[in-house]
Amino acid sequence: IMSCNILINGYFQIGDLDTARNLFDEMPDRNVATWNAMVTGSIQFEYNEEGLSLFREMHELGFLPDEFTLGSVLRGCAGLRALYAGRQVHGYVTKCGLEFNLVVGSSLAHMYMKSGSLEEGEEVIKSMPIRNVVAWNTLIAGKAQNGYSEGVLNQYTMMKIAGFRPDKITFVSVISSCSELATLGQGQQMHAEAIKIGAGSIVSVISSLISMYSRCGCLEDSMKAFSEREDEDVVLWSSMIAAYGFHGRGAEAIELFEQMEKTDWEAN
RNA sequence: CUUAUCGAGCAUUC
């Protein structure tokens, strides 16, 4: 069973979902990790409904979902904004006493906040006796996504006071909030802190910076950030194109787009 | 053997 589980995970990793599924179907015996591999694999490829039905199926067959199952299932619920299903899973989590587990707790909170229930998500995180960077990021990103930008900045300072080191995900959330608020000073400060921590040339961070500077009226700084990139991707380029567009610089926007079309990663 | 958090723009009701 164990070697089949490893193979199933391997096929998911290389994106061969059909072979993974066939292997699973042909297994005479399965264990929880087998089901977890299928649930996780499906949900990672955004086949969230599939993942949830596999979860129901395993549950009906008497397999007890563990922390691995629950983390993935909650991610699937988040992807579907399935608040009702998510609450049911929450009930199960409580029954198993896993609500203070770092991974399960963050997944729960993420499910709530992604489904628009910031309060419930925040409650879950705040009730956790131990937090890690992901738990902090989950809260920060959740507030950012729900447009609670002031709260994002507050949580960011709380996180640092608690002695955690922000990472690229933290910065992306915080910088995007500065962008929403069009609060240049804060944005510049976050830029400086990102550089200090060595996150200043990560693509996702630069994309947020480009957008933030653009919305704050500093197209020059957007261009400067764009020129400091050490990697490329579609979102990065789209950010710069949008920034030009926002400032009425149509010619530059089109020029960038044409350059982008010559590369192998395609426009979306 | 398997689990959680991030970025651009566009689009959706009236």
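Each chain gets a letter, A, B and so on, in the order its sequence line appears, and its residues count up from 1. The model shown is predicted, which means the values in this text are computed figures rather than measured ones.
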Review point. Rounding to a whole Å, what distance do you find between A/Met128:CE and B/U5:P?
Key: 13 Å
Check your understanding: Under 30°, 30 to 60°, or over 60°: which ring-plane class applies to A/Trp136 and A/Phe164, parallel, tilted or perpendicular?
Key -> tilted
Review point. For A/Asn132, which contact category applies under a 4.0 Å heavy-atom criterion: base, sugar-phosphate, or nothing?
Key: base
Review point. Is there a side-chain polar atom (N or O) of A/Lys114 under 4.0 Å from OP1 or OP2 of B/C6?
Key: yes
Check your understanding: Base, sugar-phosphate, or nothing for A/Asp233, non-hydrogen atoms under 4.0 angstrom?
Key -> base
Revision key, fill the gap. All heavy atoms of A/Met128 vs all of A/Ala135, minimum pair found to be CE-CB, 4.1 Å
Practice item. Would you mind telling me which of B/A4, B/C6, B/U2 lies closest to the side-chain atoms of A/Thr40? Key: B/U2
Check your understanding: Where the side chain of A/Asn9 is concerned, which of B/G7, B/A4, B/U2 is the nearest nucleotide?
Key -> B/U2
Review item, nucleotides 8-14 of chain B N/O atoms under 3.5 Å of protein N/O:
| residue | atom | partner | partner atom | Å |
| --- | --- | --- | --- | --- |
| B/A8 | O4' | A/Ser239 | OG | 2.9 |

Practice item. Nearest whole angstrom, please: distance from the C1' of B/A4 to the CZ of A/Arg131. Key: 15 Å
Revision key, fill the gap. A/Glu67 has its side chain closest, among B/A4, B/C6, B/U3, to B/U3
Check your understanding: What nucleic acid atoms does A/Thr138 come within less than 4.0 Å of, heavy atoms only: base, sugar-phosphate, or nothing?
Key -> sugar-phosphate
Check your understanding: In whole Å, what is the span from the CG atom of A/Leu209 to the P atom of B/C6?
Key -> 18 Å
Practice item. Would you mind classifying the nucleic acid contact of A/Ala33 as base, sugar-phosphate or nothing, using non-hydrogen atoms under 4.0 angstrom? Key: base
Point to revise | Within the 6.0 Å centroid threshold, strictly below: A/Tyr213 and A/His191 | key: yes
Practice item. Fit a plane to each ring of A/Trp35 and A/Phe63, take the angle between them on a 0 to 90° scale, and name the class: parallel (under 30°), tilted (30 to 60°) or perpendicular (over 60°). Key: tilted
Review point. Just by distance, with hydrogens left out, do A/His90 and A/Tyr112 show a side-chain donor and acceptor under 3.5 Å apart?
Key: yes
Practice item. Looking at every strand, decide which applies to A/Val104 at a 4.0 Å heavy-atom threshold: base, sugar-phosphate, or nothing. Key: nothing
Exercise for review: May I have the distance from A/Ile241 (atom CD1) to B/G7 (atom P), rounded to whole angstrom?
Suggested key: 19 Å
Point to revise | Distance-only side-chain donor-acceptor flag, A/Asn31 / A/Asn36, under 3.5 Å | key: no
Point to revise | A/Phe257, A/Tyr244, A/Phe226 screened by ring pair (Phe, Tyr, Trp, His ring centres under 6.0 Å) with A/Trp237, the one that passes | key: A/Phe226
Check your understanding: Any luck finding a side-chain donor-acceptor pair between A/Asp167 and A/Thr170 under 3.5 Å?
Key -> yes
Practice item. Report the nucleotide, chosen from B/C1, B/G7, B/U5, that has the shortest atom-to-atom distance to any side-chain atom of A/Asn137. Key: B/U5
Check your understanding: For the pair made of CD1 in A/Ile202 and P in B/G7, what is the distance, rounded to whole Å?
Key -> 14 Å
**Study point:** Value in whole Å for how far the C1' atom of B/U2 lies from CG of A/Asn36
**Key:** 6 Å
Point to revise | Atom pair distance, as rounded to whole Å: CZ in A/Phe55 and P in B/U3 | key: 17 Å
Exercise for review: Would you check if there is a donor-acceptor pair between the side chains of A/Glu193 and A/Tyr156 at a distance under 3.5 Å?
Suggested key: yes
Check your understanding: If you check the A/Ser72 side chain, which of B/A4, B/U5, B/U3 turns out closest?
Key -> B/U3
Study note, to complete from the structure: Quick note, A/His110 side chain, CB onward, closest among B/U5, B/G7, B/C1 is B/U5
Practice item. Assign A/Leu102 to base, sugar-phosphate, or nothing according to its heavy-atom contacts below 4.0 angstrom with the strands shown. Key: base
Practice item. Specify the separation, in whole Å, of atom CE of A/Met212 and atom P of B/G7. Key: 16 Å
Practice item. Just compare B/A4, B/G7, B/U2 and give me whichever is closest to any side-chain atom of A/Leu236. Key: B/G7
Check your understanding: So what does A/Gln145 touch, heavy atoms closer than 4.0 Å: a base, only the sugar-phosphate, or nothing?
Key -> sugar-phosphate
Point to revise | Stacking of A/Phe68 on B/U2 base (centres under 5.5 Å, planes under 30°) | key: yes
